[in-house]
2 protein chains.
Amino acid sequence: MSEAQVGDSLLFLTDEQLRQGIEAMFFAYRGFTAAPDLILDGTGYGRAHHRALHFIARAPGMNVNRLLMILGVTKQSLNRVLRTLIADGLVESRVGRADKRERHLYLTEEGAALEQRLSDAQRKWMRDAYRKAGPDAVAGFRQVLEALMDAEIRKSHAALREGTP
Amino acid sequence: MSEAQVGDSLLFLTDEQLRQGIEAMFFAYRGFTAAPDLILDGTGYGRAHHRALHFIARAPGMNVNRLLMILGVTKQSLNRVLRTLIADGLVESRVGRADKRERHLYLTEEGAALEQRLSDAQRKWMRDAYRKAGPDAVAGFRQVLEALMDAEIRKSHAALREGTP
DNA sequence: CTGTAATGTCAACAAGCCTGACTTATTTTT
DNA sequence: AAAAATAAGTCAGGCTTGTTGACATTACAG
């Protein structure tokens with residue numbers, strides 16, 4: 001509590017301020033997933049499917065192992081999701097050229113269409129929030145989020161932004 | 001990175017920038033919950049228990065209905081969590097004075113101790129991120145989070161900051 | 001006394017995650 | 001060429017957290 005407020009930009013780090021940040025993160029994440037969840041309700045898919053679609057759309061041709069690392073789940077868990085998406089014709093799995101053990105993942109037209117709907121809803125939400133908060137706030141937002149990721153996760157994130165890992 | 005600060009203040013709203021924000025949110029939330037999850041692993045409790053403990057600690061004497069609204073789950077789901085916490089002596093449920101139908105929730109000493117451990121870990125994570133990002137970034141972060149919560153959720157959050165709803 | 005509200009309980013079920021053990025190809029190493 | 005490692009997939013079983021639906025208890029209000 002009385003943590004020596006040396007006037008020096010430490011004042012905002014009270015436990016109370018931190019707690020408010022934690023709660024804001026909790027509520028914001030709920031708001032963040034609400035829009036796609038609504039769409040998914042009608043489809044028979046869930047958040048896990050959404051995440052897979054998102055990252056396959058993001059980096060088409062990604063192999064299963066890399067997707068596994070990005071999502072941070074077990075292959076059994078991912079496989080169940082992927083199996084239904086492939087069976088339903090939303091995702092296509094192609095044998096690797098260089099290494100035939102690998103399967104490279106692509107969205108079909110139908111898969112891309114669903115991903116678009118989900119993505120549009122979520123981006124709209126994000127865009128509205130960004131507009132309300134303004135560009136400076138957005139820059140700060142991104143900085144804090146980056147800092148909140150741990151080192152390993154940040155790598156996945158960086159790899160996605162570049163072309164290839 | 002090359003974060004395109006062309007002053008225009010609309011340039012950052014490209015789909016690509018929004019998508020990066022969405023992904024950052026996804027990864028950051030994982031980092032955000034990682035520390036308490038580690039502690040919970042040893043205890044036999046899960047995130048649902050953590051959330052209940054958090055909000056009971058935050059507003060001692062809160063009744064079940066209010067906690068229900070804040071958490072946004074069904075009473076059956078919360079009840080299971082609450083039942084184990086009460087049975088294990090981490091939470092105490094007292095009959096309301098004014099309205100004896102209500103149950104008011106309090107942490108026991110043991111409950112407060114666990115909540116502290118969880119809270120400390122999460123606050124440490126948050127504090128480190130805040131420090132890395134700096135005060136201006138934190139202000140922006142909070143602004144965007146507020147905007148990301150939808151109206152209903154924001155009410156829950158506001159209710160917590162005041163005394164009574 | 002009756003209707004409504006707040007709370008709690010039981011049962012059944014699904015999503016989504018996990019571990020462990022194992023198979024099938026294929027590539028790499030020895 | 002044989003052995004080891006890697007990528008992917010599969011089966012079986014378990015856990016947590018969420019859902020519905022049906023119903024009981026208690027207490028307040030008219």
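Chain A is the first sequence line, chain B the second, and so forth, proteins listed ahead of strands; every chain is numbered from 1.
- Proximity note for B:Lys75 (side chain, C-beta onward) versus D:dT19, C:dG8, D:dG9: the nearest is C:dG8.
- Along DNA chain D, the nucleotide nearest to B:Val81 and the one nearest to A:Arg103 differ in position, and the one closer to the 5' end is contacted by A:Arg103.
- For B:Leu78 and D:dT17, the CG to C1' distance is 12 Å, given to the nearest whole Å.
- Residue A:Lys100 contributes atom NZ, which lies 15 Å from atom C1' of C:dT28 at whole-angstrom precision.
- OP1 and OP2 of D:dC15 both lie 4.0 Å or more from every side-chain N or O belonging to B:Arg47.
- OP1 or OP2 of C:dC10 sits under 4.0 Å from a side-chain N or O of B:Arg83.
- Close to D:dG18, at under 4.0 Å from its OP1 or OP2, lies no side-chain N or O of B:Thr74.
- Between the C1' atom of D:dA8 and the CZ atom of A:Arg66 lies a distance of 17 Å, rounded to the nearest Å.
- A donor-acceptor pair under 3.5 Å links the side-chain atoms of B:Thr108 to the main chain of B:Leu90, judged by distance alone.
- A donor-acceptor contact under 3.5 angstrom links the side-chain atoms of B:Arg80 to the base of D:dG18.
- Regarding contacts with the backbone of C:dA15, every side-chain N or O of A:His49 stays at 4.0 angstrom or more from both OP1 and OP2.
- The closest donor-acceptor contact from the side chain of A:Arg30 to the backbone of B:Leu71 lies under 3.5 Å.
- Between B:Phe32 and B:Tyr29, the ring planes are tilted. Angles from 30° to 60° get that label.
- Below the 3.5 angstrom threshold, one finds a donor paired with an acceptor across the side chain of B:Gln76 and the base of D:dG21.
- Between the side chain of A:Asn63 and the backbone N or O of A:Asn65, at least one donor-acceptor pair lies under 3.5 Å.
- Taking 3.5 Å as the limit, the base of D:dT6 and the side chain of A:Arg101 contain a donor-acceptor pair of atoms between them.
- Rounded to a whole Å, the CG atom of A:Asp37 is 12 Å from the P atom of D:dT19.
- Side-chain nitrogen and oxygen atoms of B:Asn79 include none within less than 4.0 Å of the OP1 or OP2 phosphate oxygen of C:dT7.
- When the nucleotides D:dT17, C:dT7, C:dC17 are ranked by their closest atom to the side chain of B:Ala48, D:dT17 comes out on top.
- Remark: of the listed residues A:Arg142, A:Arg58, A:Arg123, A:Arg58 is the sole one forming a salt bridge (charged side-chain N to carboxylate O under 4.0 Å, His left out) with B:Glu23.
- Comparing D:dA7, C:dA6, C:dG8 by their nearest atom to the side chain of A:Glu102 picks out D:dA7.
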